[in-house]
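This report refers to the structure that appears directly beneath it.
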Amino acid sequence: MNSSSAASSAVLAGATGLNVAAFALNNPTLISTSNTLDKAMQQLDSLVDKLGIISTNNARLSDVEASNLRSADVNLNNAIKFYKLTSTSNNASTFAVGQANMLQLQNKADDALNLYNLGLNSTLTNLTVNAPSNLTLSALGTSLNSIVNGNNTLLSGTNGNTPNNSINNASAELSQLINQVDQARVNVSSSLGSLSQDPTVLAARNQQQEALSDLRNTLTALQTAVQSNVAQLAAINTARTNSIVRSANGKIQYSAAFNVSEDGWSALNTTTNINSSGSRLATNAQSLVNGTNGTIGLKSLIATSNALQDSAQNISNIVNGDSDGKVTSVSTVVNTLKDGNSTSDTYTKQSSTELKDATTGRAILTLKQAVANVEAANKKVANAVLAVAIGQNKVVGAAANNASKRNKAPTILPTAKAGIVAFFGKHQSVSVEYQYYFRNTNPNFTSGEVTLNYAYYFGGK
């Protein structure tokens, strides 16, 4: 079987990679470079799958974080409202409602704190994908920051509250793997020699380069989204979230001091004291809205958690795609309660826009789609090279077959022959003969030859 038929058989068997083309071309360097490209693509595929899981969990936990704090805002509004009612109505039931809402506020702020640094509670583990129960926003953010932007921690600075969100491509695993794929592509092209300029191969190579350019555009968008995510995680870090828990607890303890017996209000001697206490409780709860004495307010914390939710969703959209498979950037606007006069004026509005490359205007691809396009482009190059290799081997094979046919054709030449014969006894002879071929043009035959012959004769006496 010649190399052309061997390559053709390989194609029929489904092996249409560069290795088959390298075999057909007898090019060991191409085998080596194509193996390197395949290995780099496998590693990139594995990392993208990992990022898909991390980004999905990060988006889901960030959504729970923001929802908890927005819900806590409603509780704070209710607490302020009913404490104010207590100050004017001298009614124990309004105090109890205010107190209950303050407790809910503390619990939700505590849940937010746990999501950041301590992990999911048992009721939330079903929200995540292939994740341990102690998964946290800080751990997910650290993983994204390391893989995508090359930073091993979320926070830096002397106080440990500065976001560590610069882009360090030299240590970012995703950037390094994309660079390895690109360099392997270049090495494969160099291994092809003049074949790389074949029109079919060149067109496939151009598509391959374009696919890698799209992948780099996706990488840039992802790195920007991770930078934002890390900044929001730094702003909502443990210390800041914990300040809300401590503050809420302080207000709860303060208000509880007035409820000194089962019927509560029996400890308050006069209506004036009850009204005054309700007013002070409302003022204390109101201080949680914007914070006092350097503590963060719930309003600021909600704005940060909304931005965290958006950045986490944007990361997931870039890696996995939104519900339509597109890369969209989301923005959430929330009106938070301000004065405790209403329980229904908090609303959430989210808008989204499709991300596009600023230079070309083309839509940014998801990371998964961009990598899939590179894989498809690699296969097109391999198939184009293989087709040319088979074509070249067919030409060589046809030339060899033609030569073989010419060599097998019968040749008739004029011949001159002379010799000497000697007889031994009655039945044997030995002869030496010389034979010359005139007009011989066949390189497989000599023009003259000498033969030694022995003969035995049967019969006779």
Could you check whether any side-chain N or O of [X] sits under 3.5 Å from a backbone N or O of [Y], counting only pairs where one atom can act as donor and the other as acceptor?
X      : Y      : answer
Asn168 : Ser171 : no
Thr304 : Ser300 : yes
Asn314 : Val330 : yes
Ser67  : Val64  : no
Asn151 : Thr153 : no
Asn27  : Ser191 : yes
Arg185 : Gln209 : no
Asn165 : Gln227 : yes
Thr142 : Ser138 : yes
Asp322 : Asn317 : no

Show your reasoning for whether side-chain contact (heavy atoms from CB on, under 4.5 Å) applies to Asn152 and Asn145.
CA-CA 7 Å; Asn152 293 326; Asn145 199 24; over 6 Å; no
If I compare all heavy atoms of [X] with all of [Y], which pair ends up nearest, and what's the gap?
X      : Y      : value
Ala139 : Thr136 : N-OG1, 3.0 Å
Ile318 : Ala225 : CD1-CB, 3.9 Å
Ala377 : Gln208 : CB-CA, 3.5 Å

Show your reasoning for whether salt bridge (charged side-chain N to carboxylate O under 4.0 Å, His left out) applies to Arg60 and Asp63.
CA-CA 5 Å; Arg60 291 179 180 180; Asp63 181 66; over 6 Å; no
